[in-house]
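Every number for a ligand or one of its atoms is a count from 1 in the order of the listing.
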Amino acid sequence: MSDWYKKMAFYQIWIRSFADGNGDGIGDLWGVMDKLEYLKDLGVDGIWFSPIYPSPNADFGYDISDYKNIHPDYGNLELFQRVLKKAHALGLKVIMDLVVNHTSDEHPWFLESRKGKDNPYSDYYIWRDQPNNWDSLFEGKAWEYDETRGQYYLHLFAKKQPDLNMDNPKVRQEVEDIMRFWLDMGVDGFREDVINFISKREGLPNGVPFLPAVNGMMHYKDGPHIYEYNRQFRKVCEGYDCFQIGEGPMTTLQSAQKYLCGENKCLDMMFSFDHMMADCFYTEYMHRPFSLLKFKKAISKWQYGLAGKGWNALYLENHDHPRIISRYGSEIFHKQSGKMLAACYLFLQGTPFIYQGQEIGMTNIRLGKIEHYEDVSSKTNYHRYHVKDSTARRLYRIHLSSRDSARTPMQWDEGPNAGFCPEGVKPWFYVNHNHPGINVQRQQQDPDSILQFYKTCLRLRKQSRCLIFGDYKEHFPKDPEVFMYERSLDNIHYLIVCSFARLAIPFRVPKAIEGKMAELVLGNYEHGKKSPHAGKSGDNVVRLMSTGFLRPYECRVYRWKS
Ligand code: GLC
Ligand code: CA
């Protein structure tokens, strides 16, 4: 399989909030069709669609009731094919979300399965007379009693997301069929949802209770047949020029290495979770103050750990996490920190993913009541943890942590509904009130905007083999305020300097580099007369010295030849 994906950058679309093309307040494929040029212009090379299939939306698309169709809210198969064709014509690859750990309880397989033990679908799901002690990640215990069948079914996520029985060869056959259906249509690969959970330990033994929500995980994460099943799915992909990226809660470097390298290799990349826990414990709801040291440690662990063996997936945002400026950056230093965060990850080794709205620096939404939130896991967390805390305190945790902050409508312009849907139409979810200041239109007109900065970064990355394939080396790993790393290939070097401090701090360069004549190719503050962010090659050559200051959330990218 070729490795075209290494040179790419992806854009993730969570369609419901992206762009409403038919004026019903819900994002759709008509809207996507209109925005493909925007994505091309941004400089990405591919799109990952979060699920766009028919779904009762208990978990907004991650509960699928028909794997081979499009949700009527979003369009239909014919429209999808037109979007795919146009994307391909623009040179954009398209990957789909493959969600096969579970289906919706409204999927015809489940409707059949619950009828009893003697039908072709009876073993498609995991049924037991007695539940074990596992917790679900989203809603209470992991077992729900079904009156019709008179048994309990397993659901690792919400009640409306029954787990498929992957040990049944017919189920694996169905997965192969689903994959072929989309690959034959021309899609370029899959993002595979909770793919490390699909093989459960035989006998489903009790877990050791220690933290609500994860009790049982030791028996279903990276389970006994996980590589065998994933190898089977890999074989399907091998017949096509496509790629596979896996997602799984709590994926560690050690487990990722097994999926990505060696005899078990069954995926091209895996999303890491380590760097998303620099301000929380396990879930964002268990908030802690942001620690740059934790962030850097996680990044370096994966950069070094996969070097020469696997390939990293780089991201700071997706539909499961609150907005990164509100977490690791600063809403006060909105523009500076938004740009710095872009530079801090877009130049790492790996394939970058940008989540809708991240490129304009969208921030968290803060709603007044838990009832105003939509996300099932936010609601559960609110009622599951810290229940003795005051309402205000728990709501504050929701403000910090809710996945809904990533799911507010995309801010296209300053007009009504942020240009997401027509004036007078009620958008399906709250638009962030900051859209007059933070929107695409405004940032397109402003050469100094976060949006333009993303474009510059993506262009710079694409033009440089060093930034794509070069070695990674972290400098000053113990510095609690600055993330500094070097990329090098042959005689080309880049130094990426990112300050996470709110105040000016002294600028230091590593001894080995001091004195080098380097070009400042990118930055988020003006230096001298020039805005480095707009700097042309040959300008801004400086001697690298430990003098002067880094301003709040300043970032700089230097390049030199050795
Ligand atoms: C993944 C998805 C998340 C979903 C869950 C269950 O973690 O990214 O959105 O809720 O799986 O499908
Ligand atoms: Ca619509």
> Closest N/O/S atom of Asp28 to the Ca ion (ligand 2), by atom name?
Replying inline: OD2
>> Restricting to N, O or S, what is the name of the atom of Asp20 that lies nearest the Ca ion (ligand 2)?
In response: OD1
> Can Lys93 be said to sit on top of Trp4's aromatic six-ring, NZ or CZ under 6.0 Å from centre and within 45° of the ring axis?
Replying inline: yes
> Counting N and O atoms only, with roles assigned by atom type, does the side chain of Lys379 sit under 3.5 Å from a partner on the main chain of Tyr373, one being a donor and the other an acceptor?
Replying inline: yes
> Which atoms form the tightest heavy-atom contact between Pro352 and Tyr345, and what is the distance?
Replying inline: CB-CE1, 4.4 Å
> Is the Ca ion (ligand 2) less than 3.0 Å from at least one N/O/S atom of Ile26?
Replying inline: yes
>> Could you check whether any side-chain N or O of Asn432 sits under 3.5 Å from a backbone N or O of Asn364, counting only pairs where one atom can act as donor and the other as acceptor?
In response: yes
> Just checking, Arg128 and Trp143: is the charged tip under 6.0 Å from the six-membered ring centre and within 45° of the axis?
Replying inline: no
> Is any N, O or S atom of Tyr74 under 3.0 Å away from the Ca ion (ligand 2)?
Replying inline: no
Dump the pairs for me: ligand 1 N or O, protein N or O, distance under 3.5 Å, to 0.1 Å.
| residue | atom | partner | partner atom | Å |
| --- | --- | --- | --- | --- |
| ligand 1 | 7 (O) | Glu247 | OE2 | 2.8 |
| ligand 1 | 8 (O) | Arg191 | NH2 | 2.9 |
| ligand 1 | 8 (O) | His319 | NE2 | 2.9 |
| ligand 1 | 8 (O) | Asp320 | OD2 | 2.4 |
| ligand 1 | 9 (O) | His319 | NE2 | 2.9 |
| ligand 1 | 9 (O) | Asp320 | OD1 | 2.6 |
| ligand 1 | 9 (O) | Asp320 | OD2 | 3.4 |
| ligand 1 | 9 (O) | Arg403 | NH1 | 3.3 |
| ligand 1 | 10 (O) | Asp59 | OD1 | 3.3 |
| ligand 1 | 10 (O) | Asp59 | OD2 | 2.5 |
| ligand 1 | 10 (O) | Arg403 | NH1 | 3.0 |
| ligand 1 | 11 (O) | Asp193 | OD1 | 2.8 |
| ligand 1 | 11 (O) | Asp193 | OD2 | 3.2 |
| ligand 1 | 12 (O) | His102 | NE2 | 2.9 |
| ligand 1 | 12 (O) | Asp193 | OD2 | 2.8 |

> Are Tyr74 and His71 close enough that their ring centres sit under 6.0 Å apart?
Replying inline: yes
>> Counting the benzene-type ring for Trp, do Phe190 and Phe243 have ring centres under 6.0 Å apart?
In response: no
> Tell me, which N, O or S atom in Asp24 is closest to the Ca ion (ligand 2)?
Replying inline: OD1
> So, does Asn439 use its side chain to make a donor-acceptor pair with the main chain of Gln441 at under 3.5 Å?
Replying inline: yes
